[in-house]
Number of protein chains: 2
Amino acid sequence: MDQPDAFSARCPTRQILDRIADKWTVLLLGLLASRTMRFNELRRGVDGLSQKVLSQTLKSLERDGLVTRAAYPTVPVTVEYAITDLGRTLAATLEPLRLWAEGHMEAVEKARIDFDQRQQAAA
Amino acid sequence: MDQPDAFSARCPTRQILDRIADKWTVLLLGLLASRTMRFNELRRGVDGLSQKVLSQTLKSLERDGLVTRAAYPTVPVTVEYAITDLGRTLAATLEPLRLWAEGHMEAVEKARIDFDQRQQAAA
DNA sequence: CAGTATCCACGTCGATACTG
DNA sequence: CAGTATCGACGTGGATACTG
């Protein structure tokens, strides 16, 4: 049987990589790794994330077995999102990514300025 | 001064996260981590990646200081893409992501089947 | 070989309004 | 509170053709 290989477009791994290598996935799993949260709590936790995309992303994460959704018949309804064991293993590999972005922000911004100046000089 | 915070839409970190949490970035840096490669070599190495998107992505990676581009005036022209030290630190955090996708592919696919069946049963 | 330029189909996203 | 439905603007991406 074939080895999983993300470099091959036909491998299901490719599609999974596309889903997990996603800004919102990184941030949402980052939040849920610390504790269970409600829908609007997540919405407030991730600035700039619309209700529609949050809803879509959570549904994908649930379908992929990364989070669970629990609805309680209170009035109004209460819904709790929790990370699964599988999701926790992913969150552990995603956290360094967020930390890299935060830690190397200045280096990247400097590189951009240098690059843009070289472009300017060439033109 | 503000702490970098990817959860805030205004922080530059967010934009950087958006660029690095990308399928093609993961795969391209994965290839370049092992050795310097030519344009068409990268194209062949990443199945399903169009010439246009490869070109765009490489330009972004170069601008962000993650890869370097060296053109040699041969006929026809030879262009070598190499990873930088900064890029290497990112590649090191991206590789676990690709490995996670490859390693947990079956678990995710199983979760999807289960989820879809529950949806079916509910409808 | 290593791109760029152009066109267009497509999906994604935000905004808005509505519901149990 | 936690969504869904609809719409329209937008950008992304593929296919194709062309260039130094």
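So that the names make sense, note that chain A is the first sequence line, chain B the second, and so on, each numbered from 1.
At least one donor-acceptor pair closer than 3.5 Å links the side chain of A:R14 to the backbone N or O of A:F7. The backbone N or O of A:M105 lies less than 3.5 Å from no partner atom in the side chain of B:T13, so there is not a single donor-acceptor pair.
Between B:L54 atom CG and D:dT12 atom P the separation is 17 Å, expressed in whole Å. Protein atom CZ of A:R69 is 15 Å distant from nucleotide atom P of D:dC1, rounded to whole Å. Atom C1' of nucleotide D:dG13 and atom NZ of B:K59 are separated by 16 Å, given to the nearest angstrom. Between A:E80 atom CD and D:dG3 atom P there is a gap of 11 Å when expressed in whole angstrom units. Rounding to whole angstrom units, CD of residue B:Q56 and P of C:dT4 are separated by 9 Å. Regarding B:L58, its CG atom lies at a distance of 14 Å from the P atom of D:dG13, rounded to whole Å. Note: CG (B:D22) to P (D:dG11) measures 18 Å, nearest angstrom.
Within residues 32-43 of chain B, no residue is approached by DNA chain D to less than 4.0 Å at the level of any non-hydrogen atom.
Classification of B:K110 and B:D114 as a salt-bridged pair holds, one side-chain N sitting under 4.0 Å from a carboxylate O. A salt bridge does not link B:R112 to B:D116: none of the charged nitrogens lies less than 4.0 Å from a carboxylate oxygen.
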Give the table of side-chain donor-acceptor pairs shorter than 3.5 Å for residues 76-85 of chain A, with sequence neighbours excluded, one pair per line with atom names and distance.
from  : atom 1 : to    : atom 2 : distance (Å)
A:T78 : OG1    : A:T74 : OG1    : 2.7
A:Y81 : OH     : A:R69 : NE     : 3.4
A:T84 : OG1    : A:G65 : O      : 2.7
A:T84 : OG1    : A:L66 : O      : 3.1
A:T84 : OG1    : A:L86 : N      : 3.4
A:T84 : OG1    : A:G87 : N      : 2.9

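Pairing each heavy atom of A:A21 with each of B:L97, the nearest pair is CB-CD2, 4.1 Å. Of all non-hydrogen atoms in B:A33 and B:R88, the two that sit nearest each other are O-NH1, 3.1 Å.
Close to D:dA2, at under 4.0 Å from its OP1 or OP2, lies no side-chain N or O of A:T78.
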| Once each nucleotide of nucleotides 14-20 of chain D is scored for protein heavy atoms under 4.0 Å, what B/S/- sequence comes out, 5' to 3'? | BB-B--B
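No more than 12 heavy-atom neighbours from other residues, nucleotides or ligands sit within 6.0 angstrom of CD on B:Q15.
Summary for the helix from C:dC1-D:dG20 to C:dG20-D:dC1: the axes at its two ends, each from 5 pairs, differ by 50° when rounded to the nearest 10 degrees.
Among the protein residues, B:Y81 comes within range of the sugar-phosphate backbone only, with heavy atoms under 4.0 Å from sugar or phosphate atoms but none that close to a base.
Legend: residues meeting ring-ring contact (aromatic ring centres under 6.0 Å, His included) with A:W100, ordered by chain and number and at least two apart, are A:H104. Partners of B:D47 by salt bridge (charged side-chain N to carboxylate O under 4.0 Å, His left out), not counting sequence neighbours, listed by chain and number: A:R10.
Cluster annotation: A:L29 is not connected to A:L99 through the hydrophobic network of ILVMFWY side chains, with a link wherever side-chain heavy atoms come within less than 4.5 Å.
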